[in-house]
Structure formats: C-alpha cells, structure tokens
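Working notes, beginning with the structure itself.
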Amino acid sequence: EVDWFSLASILFLLMFAPLIVYYFIMSCDQYQCSLIDPVIDLLTGSKHLSDIWNKTPTLTYRAASIYTLWVAFQVVLYVCIPDFCHKFLPGYVGGVQEGAVTPAGVVNKYEINGLQAWIITHVLWFANAYYFHCFSPTIIFDNWIPLLWCANILGYAVSTFAMIKGYFFPTNAKDCKFTGNFFYDYMMGIEFNPRIGKWFDFKLFFNGRPGIVAWTLINLSYAAKQQELYGQVTNSMILVNVLQGIYVLDFFWNEAWYLKTIDICHDHFGWYLGWGDCVWLPYLYTLQGLYLVYHPVQLGTANAVGILMLGLIGYYIFRMTNHQKDLFRRTNGNCKIWGKKPEYIECSYMSVDGTKYYSKLMTSGFWGWARHFNYTGDLMGSLAYCLTCGFDHILPYFYIVYMTILLTHRCIRDEHRCFSKYGKDWKRYTSAVPYRLIPGVF
Ligand code: NDP
C-alpha cells in the first residue's frame, strides 16, 4: 500500500529532482555557484526565466558522442572482461559472486569486476593526459551541461524501460512488486533484479558504473580545469580528489560486499536508482570539485590537516562498521570483534513461499554503539568534503544536508523493513541497542 506521504514525496521528487540538479549546475555556470543570486535576479525582474534558460548550453553532438562512447565502454568492461584482479590482489573478492536470497528465494550470481573497470578506465585517462593527448583532461568540465542532457536521457530511458520490462518480460516474475500506483511503481521500481541475458544486471551496472567510475574522473577533470585556469591545483581540490577517491576505491574494492547492502538486497529498480545513478549521483556528489573550479580555495595547513583527519576518521568508522557486519554475517558469528566473540540476538523470518530462515543481529563492536554507526562515519566523511570549500557559499554544503536526509530516511526505512521482517526479535534488538546514529543522542 502506498501511503499519502510516500506518494507526495515521490511526486515531489519526480517533479523537482531534475530541476534541483539543473539549478545547482546552472548557478555555477552562470552565477559563480551562488544559489541566491538567480533568485534575486528573478525576483527583482532583472532577469527572466527565459534569459537563464537561453544562456544554458544545449545538447551537442560532441557531448552525445562522448556520453555514448563512455556508457558503451563501461558496458563492454562490465560484460566482456571477466575479473582478473582477484587473481593477483590479495584480499580482494572479485569474479563470480552470489547475492543475497531474494524475497522469492532466488540467489543471483554477479560478475564482480568493478575494480578492474575502474583501474582500466583510469589508466587510460592518465595515459591520455600525459602521453596520447587525444582529448583534453578538462573534457568533462568543458561539456558539463551538454552531458547533463545526455545523462538525463539515459536516466529516463532506463527507468522507463525497466518499468515496461517489469510488466511484460520480467527476469523473475515472483520478485516483482506492483502497488497499482503508477508513480510509485515508476519511482521505486517493479522488478527486483532486472537483467538482460545472464550477466547484465541493471542494479549492479547502474549503481556502480557509469556514475561511480565517473566520479573520480569528474574530479580529475575539475583539477585539470583549475590547473588550466589558475596555473595550479589548490590543496582543497587535492583533498576532495583524495577523500572522494578513497571512498570510490573502497566502493569497488568491496563491490562483492555491496551485493549485501540495501540498494542491491532490498530496493527494486526504478527511477530512484536508474535516474539517480545516471544524473543525481555524478552531478550532485561532485559539487565540491565544481565549486573549487570557480572559487579556488587554498586552505591553511591546520585546516587542511583537520579536514583530512575528519575525512579519514569518518572513513575508518564507515569501513570498520561495515566490515564488522560483513565478517559477522559471513562467519555466522564465529569470528572476533575487537578481540572478543561477538554478542548477538538470534532471529527468524519467513520468505514469501513460507520457508522459515534464521539470522543474527550483532549487538557488539560498532553495532553495539548505534544501529547505524556506518552512516555516522559516512556523514563525517561527507562533512569533510564540504569543509574543503570554506564558508563563502552554501552550494558545496548541499552534500552533507542531502546525505543527512538520505541516511536518516534510509535508517528509518530500513528499520521499518527490519521490523516487518523480524517482528518481536527486532524489538529485542532495539532494546539492546537503543540509538540509531549517535549514541546517547539519536
Ligand atoms: P547497512 O549496511 O547498515 O545494512 C542494513 C542491513 O543490515 C539491515 O537491513 C539488516 O539486513 C542488516 N543489519 C542491521 N542491523 C544489523 C546487525 N546489528 N547485525 C547484523 N546485520 C544487521 O545499510 P546500507 O546497505 O544502507 O549501507 C551500506 C553502506 O553504504 C553504509 O555504510 C552507508 O553509509 C553507505 N551508503 C552510501 C550511500 C551514498 O550515497 N554515499 C547511499 C547509501 C548507503 P538483514 O535483512 O540482512 O538482517
């Protein structure tokens, strides 16, 4: 059932999310990243909407070619090159891996080769920048708005295709979810794991590539633009590249683990993931780098070190919390967390076919501090990215505001799902670990 609040939020996002992205990117392009000036111009009548729109770069053949080549290249890397990284990188889990059990009891297999795709893409990027010079490393920045139109076309196309596919030729009909509400189904998706053929998995592909592989390239393109415009790359830009680079590399290093996260395990594939991965993520997660092209901030050493420490500590908490749960679940609790056997609550649940399954919820380590301390670490890292930009404008702070809303909402959504899944066992768990994000506060 779709309650009125969910429906209202969905309609709001469908209508306004594309506008929000446009507004942010346009305000950098036309207003030096000021979010207030366009509003003042419009309110005072010194500009009309049509003036702003007419100044906005349109879709170009060049951008369309770049984008098509980019996505096609990522598809080839994903589908055609089986993982070889796990053969020589100790500790890396790649190659064919199994996902979690779906509500219909299916266990999907995935070809985990994101790290390899990321490495190949970046090796080629640097080879071009330093040796071949086929295109300028500022290419992404230089075509940023025309590329936005391409990303939107792909985002809408893939979401619409996923909806049609869910109705007419689903990969696994038993895992489809129809609410009967067109907008909800379009937004949140019908199919759980849409696929083309045996290996092209929509969720894994669109979640990770092309958006997350592009993330670090986009930041590199911003750094190259700073170099071109000002003859130097500021320490704030380096910090953004390094901290976000660690996050992206971590994502690919742990791609197999990612199969067990909410996006892959619980979310259906609709506009939320399809459009979000194509447009929202590459455009809004990279706002700090974009801002620094227009406002090159050179941080004092103490500030730079402080921000680096915040980012690294946040990353450590994020990674260790996720690692503790992964280790705990993989070994079925037969492991050590902070040198001790983990404590946990035994719980059970039913799949749709009535089969009873058993699971465990850990109550020690970071999972004993709060029920989502991984999100807390993620938020600390997000704040560090924003702080690199100083305090002159609010635009770079969009990320921390957004992440706080996203992760708090996600936390509540996840807990709602866990309560429906585990019932009274979940209540026992929340009594044992009473806080969500910050021990003693929330
Ligand atoms: P979690 O990794 O926290 O997974 C939640 C699931 O873990 C629950 O549904 C439950 O699943 C299981 N679980 C909950 N509590 C326990 C426990 N005590 N012991 C064992 N298992 C437990 O959430 P996400 O998948 O949302 O996040 C993964 C990471 O990705 C996070 O670190 C998050 O910060 C990050 N992230 C980043 C985003 C970004 O845009 N940058 C967006 C979203 C996430 P089960 O049904 O198996 O019991």
Side-chain angles (χ1 to χ4, degrees), residues 99-103 203 207-208 211-212 215 243-244 246-248 250-252 254-255 257-267 272-273 276-277 280-286 314-333 335 337 342-351 357-383 385 398-400 402-423 425-426 428-437:
V101 189
T102 71
K203 262 202 248 175
N207 267 329
I212 300 190
W215 188 345
L243 290 176
Q244 296 190 345
I246 293 173
Y247 194 72
V248 167
D250 173 275
F251 173 86
F252 286 117
N254 294 292
E255 199 179 13
W257 156 82
Y258 189 70
L259 298 177
K260 308 280 160 63
T261 64
I262 293 176
D263 284 344
I264 301 279
C265 283
H266 310 308
D267 285 346
Y272 171 72
L273 288 180
D277 293 330
W280 187 268
L281 187 151
Y283 277 84
L284 295 188
Y285 285 27
T286 57
Y315 170 72
Y316 174 79
I317 292 174
F318 160 82
R319 173 55 29 228
M320 285 316 292
T321 313
N322 289 328
H323 170 72
Q324 287 181 352
K325 188 186 82 175
D326 184 46
L327 181 68
F328 172 77
R329 281 279 167 96
R330 255 192 299 119
T331 58
N332 200 21
C335 59
I337 301 291
E343 292 160 21
Y344 55 83
I345 285 172
E346 294 269 11
C347 39
S348 62
Y349 62 96
M350 297 272 198
S351 71
Y357 291 91
Y358 293 90
S359 188
K360 294 182 171 73
L361 293 167
M362 183 165 43
T363 53
S364 56
F366 281 127
W367 293 88
W369 288 16
R371 301 200 290 271
H372 274 286
F373 212 59
N374 48 349
Y375 292 180
T376 311
D378 209 347
L379 290 174
M380 287 166 70
S382 307
L383 180 63
Y385 311 156
F398 168 80
Y399 189 68
I400 181 66
Y402 163 73
M403 284 299 280
T404 307
I405 296 170
L406 173 90
L407 293 179
T408 310
H409 175 252
R410 201 177 171 93
C411 183
I412 292 165
R413 197 160 61 101
D414 183 49
E415 301 213 338
H416 183 71
R417 194 194 63 80
C418 286
F419 179 61
S420 334
K421 180 174 172 180
Y422 296 121
D425 292 335
W426 182 255
R428 283 199 294 138
Y429 171 61
T430 56
S431 312
V433 186
Y435 293 101
R436 288 182 168 122
L437 292 176

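These numbers were taken from a predicted model, which means no experiment stands behind them. One-based numbering, in listed order, for ligands and for the atoms of each. Scope of the values below: all heavy atoms of this structure, side chains included, with no hydrogens, waters or symmetry mates. Quick note: residue numbers are just sequence positions, from 1.
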Electrostatic pair K260-D326, nearest N-O below 4.0 angstrom: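 Judged by the 4.0 Å cut-off on N to carboxylate O distance, K260 and D326 do not form a salt bridge.
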Which residue supplies the protein heavy atom nearest to [atom], what is that atom called, and how far is it?
atom                    : result
atom 19 (N) of ligand 1 : M362 N, 2.9 Å
atom 31 (C) of ligand 1 : N374 ND2, 3.5 Å
atom 42 (C) of ligand 1 : L406 CD2, 3.7 Å
atom 47 (O) of ligand 1 : R329 NH1, 2.7 Å
atom 24 (P) of ligand 1 : Y375 OH, 3.5 Å
atom 28 (C) of ligand 1 : T261 CG2, 3.7 Å
atom 43 (C) of ligand 1 : R410 CZ, 3.1 Å
atom 5 (C) of ligand 1  : D414 OD2, 3.5 Å

| query | Taking everything shown except Y316 itself, do over 12 heavy atoms lie less than 6.0 Å from its OH? | reply |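 Incorrect, the count does not exceed 12.
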**Message:** Whether R436 engages the ring of W369 as a cation-pi pair (distance to the six-membered ring centre under 6.0 angstrom, angle to the ring normal within 45°) should be assessed.
**Reply:**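 Not flagged: R436 not positioned over aromatic ring of W369.
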From [atom], work out which of [options] has a heavy atom at the shortest distance.
atom                    : options          : value
atom 32 (O) of ligand 1 : N322, V101, L281 : N322
atom 7 (O) of ligand 1  : K421, M403, K325 : K325
atom 48 (O) of ligand 1 : Y422, F373, W280 : Y422
atom 37 (C) of ligand 1 : D378, D267, T321 : D378

Exercise. Can you say whether the rings of Y247 and W215 are parallel (under 30°), tilted (30 to 60°) or perpendicular (over 60°)?
Worked result: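 It falls in the perpendicular class, over 60°.
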Practice task
Take the angle between the ring planes of Y315 and F318 and call it parallel below 30°, perpendicular above 60°, tilted in between.
Solution key: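 The rings of Y315 and F318 sit tilted, inter-plane angle from 30° to 60°.
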Distance from [X] atom [atom1] to [Y] atom [atom2], nearest 0.5 Å?
X    : Y    : atom1 : atom2 : value
N207 : F251 : CG    : CZ    : 6.0 Å
S431 : R428 : OG    : CZ    : 9.5 Å
L407 : R413 : CG    : CZ    : 10.5 Å
L284 : L281 : CG    : CG    : 9.0 Å

For [X] and ligand 1, answer yes if some heavy atom of the residue is under 4.0 Å from a ligand atom, otherwise no.
X    : value
R417 : yes
Y247 : yes
W257 : yes
Y258 : no
Y429 : yes

Is the centre of the Y402 ring less than 6.0 Å from the centre of the W280 ring?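 Yes, the ring centres sit under 6.0 Å apart.
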Handout entry: Pair Y429 + Y422: ring centers closer than 6.0 Å
Key =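 No, ring centres 6.0 Å or more apart.
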Check your understanding: Which atoms of ligand 1 sit under 4.0 Å from any heavy atom of Y285?
Key ->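 What qualifies from ligand 1 is 39 (C), 40 (O).
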Check each atom of ligand 1 against the heavy atoms of H372 and keep those under 4.0 Å away; list them by number with element.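 Heavy-atom distances to H372 below 4.0 Å select 3 (O).
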Handout entry: Any donor-acceptor N or O pair under 3.5 Å, side chains H323, N254
Key =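 Their side chains do not contain a donor-acceptor pair, so the 3.5 Å distance test is not met.
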Discussion item. With respect to F318, determine whether any N or O atom, backbone or side chain, lies less than 3.5 Å from an N or O atom of ligand 1.
Written reply: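 It does not: no N or O of F318 is found under 3.5 Å from an N or O of ligand 1.
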Would W426 count as a polar contact of ligand 1, with the cut-off being nitrogen or oxygen pairs under 3.5 Å?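 No, W426 has no N/O under 3.5 Å of an N/O on ligand 1.
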May I ask you to identify, for [X], whether its side chain, its backbone, both or neither come under 4.0 Å of ligand 1 on a heavy-atom basis?
X    : value
C418 : side chain
L361 : both
Y344 : neither

Backbone of S348 reached by a side-chain donor or acceptor of D425 within 3.5 Å =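 Side chain of D425 to backbone of S348, a donor-acceptor pair under 3.5 Å: yes, one is there.
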Would the distance check show the side chain of K203 and the main-chain N or O of D267 forming a donor-acceptor pair, the cut-off being under 3.5 Å?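 Looks like yes, one N/O pair under 3.5 Å.
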